[in-house]
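Reading through the structure tokens given below for one structure.
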2 protein chains.
Amino acid sequence: MQRAALELIADRGYDQTTVAEIAVAAGLTERTFFRYFADKREVLFASQDRFIALVVDALIAAPPDLAPLEAVVTAFGASTTWFDERRALAQARQGVIDAHPDLQERELAKIAKLSTAMTQALSDRGVSEPQAALAAAAGVAAFRFGFAQWLADADGHDLESHVLSGVDELRKVIAI
Amino acid sequence: MQRAALELIADRGYDQTTVAEIAVAAGLTERTFFRYFADKREVLFASQDRFIALVVDALIAAPPDLAPLEAVVTAFGASTTWFDERRALAQARQGVIDAHPDLQERELAKIAKLSTAMTQALSDRGVSEPQAALAAAAGVAAFRFGFAQWLADADGHDLESHVLSGVDELRKVIAI
DNA sequence: CGCTTCATGTCAGCGACTGTCATCACTAGA
DNA sequence: TCTAGTGATGACAGTCGCTGACATGAAGCG
């Protein structure tokens, strides 16, 4: 169903694609669609949930002596090869999302979910509440920055180096 | 209409309040509601748009020799007295928003809108693209942090001091 | 063979949202 | 003062996202 949805929406646009059409294209009915996905947008974000789980697990498993922001960056590192192997798909998906405000909203919500999950994981590592929240926010900002650069980057540096340069930029901005 | 909406939703919940009810409570019809607000959520966020305009204008007007992050913080300072005078209303509104995921999504979207507007304004001040994006992201993160503290703060420090302590915390996290 | 369970289909219905046309007040200008 | 135009609103019908309730059929298990 996710594949069918991405193809249909990429083809004719989000508004012009009904849930019924997606379901039929996958050989099912509209009602069944809503048994798998909470709403229409969600069909494009199921993979995002897996990504979040992956990164949070990596954060929990990170060496306990790392500073908060370093632990966050390390955790993101665990996901970068997964992306590096699927750059074309990620670009297609991002194109669809960037084309519709409703989808951008959902993406922001997923990012926020990631951020709060990382905050929680940092708390569990013994980081204080404010430090955890801001380290997660900063790390996520750097990742988003690096991710955008990576998607746009024609000469194919890998995602991780883009994320690291995002952290560097962040340090420069803050250090003033 | 905004007042009617906030009261009704605070009273019986977002899902249990229909657009038609809000419109009638304001002496209008559902169709007219949708001429003023793009969708049901938006009625709770019109004020947010004014806030964004205010802060962005302040950023444009900030002394040109300020560092990016300092300019952002200064711009937020222009809005804090507005909030300090309306703390009770802000709390009511935040309570409603926190009670429904759809509204949280919209709030994130508004925050993102603010962030990109500030990025643009920083660019216009001559700040480089990456620095602008990250300074805006960092500033917004600090503001959100300070805002949450301020809403929860019983002994009434003003918003600005909470935001400044957010920036301090951010510096500590990053500096490692 | 009967029982349960799980995935799916069917159907009816609500509410968000839109396009279209009608109505009515208000204004500008002859 | 009449008239034409403009802008805000209402009325109505229709689409689509989404949900609850019940039916069906296949798979597994005693």
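All heavy atoms count here, side chains included; hydrogens, waters and symmetry mates do not. Below, read A as the first sequence line, B as the second, and so on, with proteins coming before strands; counting in each chain starts at 1.
- Computed from coordinates, the Phe33(A) CZ to dC18(D) C1' distance equals 11 Å when rounded to whole Å.
- Proximity of Thr32(A) to the phosphate of dG9(C): a side-chain N or O atom is located under 4.0 Å from OP1 or OP2.
- Open room surrounds CZ on Arg144(B); 12 or fewer heavy atoms of other groups in view lie less than 6.0 Å from it.
- Put simply, CG on Leu44(A) is 13 Å from P on dG17(D), counting in whole angstrom units.
- In this structure, the CD atom of Glu42(B) is 15 Å from the C1' atom of dA16(C), given to the nearest Å.
- Residue Phe37(A) contributes atom CZ, which lies 14 Å from atom P of dT19(D) at whole-angstrom precision.
- Judged purely by distance below 3.5 Å, without hydrogens or angles, the side chains of Thr119(B) and Thr116(B) never pair a donor atom with an acceptor atom.
- Residues Met1(A), Leu6(A), Leu8(A), Ile9(A), Tyr14(A), Val19(A), Ile22(A), Leu28(A), Phe33(A), Phe34(A), Phe37(A), Val43(A), Leu44(A), Phe45(A), Leu89(A), Val96(A), Ile97(A), Leu103(A) make up the rest of the hydrophobic cluster containing Tyr36(A), defined by ILVMFWY side-chain heavy atoms closer than 4.5 Å, directly or through other members.
- Computed from coordinates, the His100(B) NE2 to dA16(C) P distance equals 11 Å when rounded to whole Å.
- The base of dG9(C) sits within donor-acceptor range of the side chain of Arg35(A), with an N or O pair under 3.5 Å.
- Without hydrogens or angle criteria, Arg125(A) side chain to Pro63(A) main chain gives a donor-acceptor distance under 3.5 Å.
- Of the candidate nucleotides dC18(D), dG9(C), dG10(D), dC18(D) has the atom nearest to the side chain of Phe34(A).
- Taking every side-chain heavy atom of Tyr36(A) into account, dT8(C) is the closest of dG10(D), dT8(C), dA8(D).
- With distances taken from any side-chain atom of Glu30(A) to the nucleotides dA16(C), dA21(D), dG17(D), the minimum falls on dG17(D).
- The CG-C1' distance, from Leu28(A) to dC6(C), rounds to 15 Å in whole Å.
- Taken from NZ in Lys110(A) to CG in Leu108(B), the straight-line distance is 12.5 Å, to the nearest 0.5 Å.
- Checking dG19(C), dT9(D), dG17(D) against every side-chain atom of Arg31(B), the shortest atom distance belongs to dG19(C).
- To the nearest angstrom, C1' of dC16(D) lies 11 Å from OH of Tyr14(A).
- The nearest whole Å value for the distance from the CG atom in Asp39(B) to the P atom in dG15(C) is 18 Å.
- In terms of phosphate contacts, Thr29(A) brings a side-chain nitrogen or oxygen within less than 4.0 Å of OP1 or OP2 of dG9(C).
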